[in-house]
Asks: 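Let me begin by handing over the structure; questions about it come next.
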2 protein chains.
Amino acid sequence: MKDNNDMPGHLARRFQQIAVAVFLAEVEEAGFDLTPVQYAALATIKANPSLDQVTLAGLIAYDRTTITGVIDRLVQKGLVERRASSRDRRARELEITGEGRRALRKVTPAVKSAQRILLRGLSAKEGEELMRLLRKAIAAGNDLSRAPLRDMPA
Amino acid sequence: MKDNNDMPGHLARRFQQIAVAVFLAEVEEAGFDLTPVQYAALATIKANPSLDQVTLAGLIAYDRTTITGVIDRLVQKGLVERRASSRDRRARELEITGEGRRALRKVTPAVKSAQRILLRGLSAKEGEELMRLLRKAIAAGNDLSRAPLRDMPA
DNA sequence: TGATATTGCTCAGTATGCTGACTATCAGTA
DNA sequence: TACTGATAGTCAGCATACTGAGCAATATCA
């Protein structure tokens, strides 16, 4: 435990640091200006029409206070619309715009490329194993962060 | 690739998110107010007397612009001293204080505990394998981020 | 129904992390 | 030595993430 490299927490930070750098580089090369967080939100909004912000946050494990700013920026870029819910006047319904759909479609190859680059030091089998172990560790720790992953409410 | 759980980048973010939450919770329970970043900096400053900021950044893979604020806060807490270097008037030499040493010693059990909790969903063998795969992927991607890990200069 | 608790969202404040720009200094070389 | 390039550090600006507080609206239950 002397070395940082023996600390899973340090390795987590480094891996995430590289993941973000690779994502941004690939997406920028494809001519887009989207962060990993914005991409995940946009994809999830597209897959779940009329989603409210809290449910969105749960689906991708963001803090609800973080989501506000992320949506602000997606709205400002014209990729998402935010409107009051008719059923619950506290809630906002989110909808992807046509431009949002186009951006999502066009940027997807860059996102996939980023995932490949992130695992480029590993064999296919090792990459699978890494993902399996991460999923398992994350599942066990899900409720330890303020922003746990949550299912769609019934 | 439909699911976020198939994206290593997403898993990286979640794992790091949980790692930080666990770290802060354990450290706070031990009665300290130190972030993961501050802890790593403090431990590295202790291990390398008269370190300058750029070398410190390289040893723990921080951006040099991030280090400035981290050191500011460590200095403000009285855990580190920052003084001008005599050899190079551009550089600042960093030194841990007595209080910094005490804090580091007392907080170490909490840090170790956090690492165990982070891997609590995995067997010992799986934990080792996860760390091995992370190290391998990180090594292959080291130069893809603006703040790569660097060795001590000779 | 009326009091209470909960929920959806926002905001202020703090701490990473990054880009890009700038100053001061140092190092190498013509 | 004067010029050029590289280096150490800081700063402004932007985007996550979090804590804690607050407001408005809804849900629950005595």
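Naming: A, B, ... by sequence-line order, numbering from 1 per chain. In this text the structure is predicted, and so the values were computed from the model without any measurement.
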Asks: What is the distance, to the nearest angstrom, from the CZ atom on A:Arg150 to the C1' atom on C:dG8?
Replies: 15 Å

Asks: Without decimals, in angstroms, what is the distance between A:Asp33 CG and C:dC18 C1'?
Replies: 13 Å

Asks: Under the rule for salt bridge (charged side-chain N to carboxylate O under 4.0 Å, His left out), what residues qualify as partners of B:Arg105, not counting sequence neighbours?
Replies: none

Asks: With sequence neighbours excluded, give me every side chain to side chain donor-acceptor pair (under 3.5 Å) pair touching residues 143-154 of chain A.
Replies: A:Asp63-A:Arg146

Asks: In whole Å, I'd like the distance from the NE2 atom of A:His10 to the P atom of C:dT16.
Replies: 15 Å

Asks: Taking side chain to side chain contact (heavy atoms under 4.5 Å, CB included) as the definition, give me every residue that meets it alongside B:Ser85, ordered by chain and number, with sequence neighbours left out.
Replies: B:Arg87, B:Asp88, B:Ala91, B:Glu93

Asks: Mind listing the residues from residues 79-89 of chain B sitting with a heavy atom below 4.0 Å of DNA chain D? Number order is fine.
Replies: B:Arg82

Asks: Find the distance A:Phe23:CZ to C:dG17:P and express it as a whole number of Å.
Replies: 19 Å

Asks: What's the CG-C1' distance between A:Asp72 and C:dC9, to the nearest Å?
Replies: 11 Å

Asks: Is the closest basic N to carboxylate O distance between B:Glu128 and B:Lys125 below 4.0 Å?
Replies: no

Asks: Taking only residues two or more places apart in sequence, or in another chain, which ones meet B:Arg82 in a salt bridge (charged side-chain N to carboxylate O under 4.0 Å, His left out)?
Replies: B:Asp72

Asks: With a 4.0 Å limit, can you tell me whether A:Gln53 has a side-chain N or O closer than that to the phosphate oxygens OP1/OP2 of C:dT10?
Replies: yes

Asks: Can you build the contact string for nucleotides 16-24 of chain D? Use B for base contact, S for sugar-phosphate-only contact, and - for no protein heavy atom under 4.0 Å.
Replies: SBBBBB--B

Asks: Using salt bridge (charged side-chain N to carboxylate O under 4.0 Å, His left out) as the criterion, list what pairs up with B:Lys77, not counting sequence neighbours.
Replies: B:Asp33

Asks: Check salt bridge (charged side-chain N to carboxylate O under 4.0 Å, His left out) between A:Glu81 and all other residues, then give those that pass, not counting sequence neighbours.
Replies: A:Arg83

Asks: Round to a whole Å and report the spacing from CD1 of A:Ile18 to P of C:dG17.
Replies: 13 Å

Asks: Mind jotting down which residue pairs meet the side chain to side chain donor-acceptor pair (under 3.5 Å) criterion with at least one end in residues 7-18 of chain B? Sequence neighbours excluded, please.
Replies: A:Asn142-B:Arg14, B:Arg14-B:Gln17

